[in-house]
Enquirer: 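Sharing a structure here in structure tokens format.
Atoms within each ligand, like the ligands themselves, are counted from 1 in listed order.
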Amino acid sequence: MSVSKMTFRMTALTAVLALGLAPLVQAQDNTGPAANPLIVGGEPVGDIADTPWQVALVGGGEARNQFCGGSLVAPNWVLTAAHCVDSPLWQNNPERLSIVAGTLTYDSGGELLGVSAIHVHPDWNASTFDHDAALVELATDATMGMPIQMQSPEEELPVGPRVRVSGWGATSLGGPGSDELLFAEVPVISNDECNEPESYDGAILQSMFCAGEREGGVDACQGDSGGPVDTIIGDDDRLVGIVSWGQGCALRLKYGVYTRVSEIYGWAGETMGMMMEEAK
Ligand code: ARG
């Protein structure tokens with residue numbers, strides 16, 4: 001593992017651990033040809049009905065200190081990244097964590113939902129970021145927003161076509177979060193290509209996939225973690241990824257790395273106590 005990647009991971013983790021609220025940044029970088037001093041490649045979602053499963057993970061109750069994203073996968077379950085919630089702060093006090101659903105502006109509107117339990121994937125590895133997935137169990141069902149179905153192992157995520165990633169990213173690196181939910185569309189890259197020496201040199205595991213432009217310029221970034229990557233499979237929208245990590249943001253050949261939902265689908269089904277037909 002490269003030193004720079006390690007540094008990035010430590011930085012992201014430290015921010016989450018220390019503050020419980022990492023600054024939100026979406027796609028900021030000055031080296032790609034498509035570089036933009038504001039949000040690189042992002043656009044406002046505009047209507048929560050377009051991504052009704054998007055939720056914000058917040059601390060501080062009514063203060064709504066947003067630090068990660070997540071997706072409703074059932075009325076009382078949110079899928080997010082393990083690295084968002086694996087700190088002792090949340091593990092020992094799940095009731096301090098809340099979920100905001102049903103709004104494009106996490107700090108107003110929608111509904112604030114309490115959390116009853118946090119389930120981190122048993123194979124989560126904080127040094128390799130393998131299986132970066134966790135399920136947050138809500139104290140009450142969400143009445144706003146709408147769950148999305150997870151991609152099952154039988155459903156293929158094609159390499160090449162674009163997927164959509166969304167989150168409340170800041171408009172400059174290290175800057176304040178965007179009040180408005182943003183999205184970007186990025187092409188899926190094969191794990192082989194993403195494991196080339198000039199990209200991640202073997203760090204992309206089976207439980208991950210990469211998406212982004214070869215030249216950079218469009219990406220998720222710190223604070224978007226845990227949030228959804230969705231695409232149409234067959235006729236329906238499927239949750240195919242969880243924002244996980246990347247080296248910098250929107251850098252050439254340093255694609256965004258996402259948890260591959262089909263790889264954590266079995267665990268999620270078991271954890272939610274609803275074994276899917278396929279698992280029989
Ligand atoms: N780990 C980051 C977070 O905690 C997300 C990083 C995504 N980076 C990227 N270049 N796509 O918010």
Enquirer: For the 3.5 Å polar cut-off, considering only N or O atoms, please tell me whether Tyr258 and ligand 1 meet it.
Expert: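 Tyr258 vs ligand 1: no N/O contact under 3.5 Å.
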Enquirer: Would you please indicate if the ring centroids of His119 and Trp77 are separated by under 6.0 Å?
Expert: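 Under 6.0 Å, so yes.
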Enquirer: When rounded to the nearest 0.5 angstrom, what is the spacing between CD in Glu111 and CG in Asp141?
Expert: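 Interatomic distance, Glu111 CD to Asp141 CG, rounded to 0.5 Å: 9.5 Å.
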Enquirer: Which ligand 1 atoms does Asp224 reach within 4.0 Å, using its non-hydrogen atoms?
Expert: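 Within the 4.0 Å cut-off of Asp224, ligand 1 contributes 12 (O).
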Enquirer: Atoms of ligand 1 less than 4.0 Å from Gly256 heavy atoms?
Expert: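 So the answer, numbered in order with elements, is 11 (N).
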Enquirer: Which atom pairs, donor and acceptor, lie under 3.5 Å between side-chain atoms of residues 44-57 and protein residues at least two apart or in another chain?
Expert:
unit_1, atom_1, unit_2, atom_2, d
Asp47, OD1, Ala49, N, 3.0
Gln54, OE1, Ser166, OG, 2.7

Enquirer: Give a yes/no on ligand 1: does Lys254 have at least one heavy atom closer than 4.0 angstrom to it?
Expert: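 No.
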Enquirer: Determine, using ring centers only, whether Trp245 and Tyr255 are less than 6.0 Å apart.
Expert: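 Centroid distance Tyr255-Trp245: not below 6.0 Å, so no.
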Enquirer: Need the ligand 1 atom indices (1-based, order shown) with element for anything under 4.0 Å from a heavy-atom of Gly248.
Expert: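 In order of number, 10 (N).
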Enquirer: Quick check on Ser244 - does any of its heavy atoms sit under 4.0 Å from an atom of ligand 1?
Expert: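 Yes.
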Enquirer: Restricting to non-hydrogen atoms, name the atom on Leu239 and the atom on Pro228 that form the minimum distance, rounded to 0.1 Å.
Expert: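 Looking at all heavy atoms of both residues, the shortest contact is CD1-CB, 3.6 Å.
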Enquirer: Give me the atom names and distance for the closest heavy-atom approach of Met208 to Phe129.
Expert: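 Between these two residues, the closest heavy atoms are CE-O, 3.3 Å.
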Enquirer: Considering distance alone, does some N or O of Gln247 sit under 3.5 Å from an N or O of ligand 1?
Expert: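 Looking only at distances, the answer is no, because the N/O contact criterion of under 3.5 Å is not met.
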Enquirer: For ligand 1, which atoms have a heavy atom of Ser225 less than 4.0 angstrom away?
Expert: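 Checking each atom against Ser225, I get 1 (N), 2 (C), 3 (C), 4 (O), 5 (C), 12 (O).
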Enquirer: Atoms of ligand 1 less than 4.0 Å from Asp219 heavy atoms?
Expert: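 Per the distance check, 9 (C), 10 (N), 11 (N).
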Enquirer: Using a 4.5 Å cut-off on heavy atoms from C-beta on, say whether the side chain of Met146 contacts that of Leu72.
Expert: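 Sidechains of Met146 and Leu72: no contact.
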Enquirer: Atoms of ligand 1 less than 4.0 Å from Cys249 heavy atoms?
Expert: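 Near Cys249, the atoms of ligand 1 are 10 (N).
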Enquirer: Looking only at distance, does Val257 have an N or O less than 3.5 Å from an N or O of ligand 1?
Expert: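 Checking ligand 1 against Val257, no N or O pair falls under 3.5 Å apart.
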Enquirer: Check Cys68 against Gln66 and note the closest heavy-atom contact, atom names and distance.
Expert: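 Minimum heavy-atom contact is O-NE2, 3.0 Å.
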Enquirer: Please work out, at 4.0 Å between heavy atoms, whether the side chain, the backbone, both, or neither of Cys68 comes within that distance of ligand 1.
Expert: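 For Cys68, there is no contact with ligand 1 at all, from either part.
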Enquirer: Could you tell me, atom by atom, which parts of ligand 1 come under 4.0 Å of a heavy atom of His83?
Expert: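 Matching atoms, with element in brackets: 1 (N), 3 (C), 4 (O).
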Enquirer: Can you run down the ring pair (Phe, Tyr, Trp, His ring centres under 6.0 Å) pairs that involve residues 130-164, sequence neighbours left out, and say none if there aren't any?
Expert: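 Counting only pairs at least two positions apart or across chains, the ring pair (Phe, Tyr, Trp, His ring centres under 6.0 Å) contacts touching residues 130-164 are His121-His131.
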Enquirer: Identify, by atom number and element, the atoms of ligand 1 in contact range of Gly223, meaning under 4.0 Å from any of its heavy atoms.
Expert: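 Close to Gly223: 3 (C), 12 (O).
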Enquirer: Counting heavy atoms only, which part of Cys84 comes closer than 4.0 Å to ligand 1: side chain, backbone, both or neither?
Expert: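 Neither; no heavy atom under 4.0 Å.
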Enquirer: Would you call Asp219 and Val186 a side-chain contact if the rule is heavy atoms closer than 4.5 Å?
Expert: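 Side-chain contact under 4.5 Å: no.
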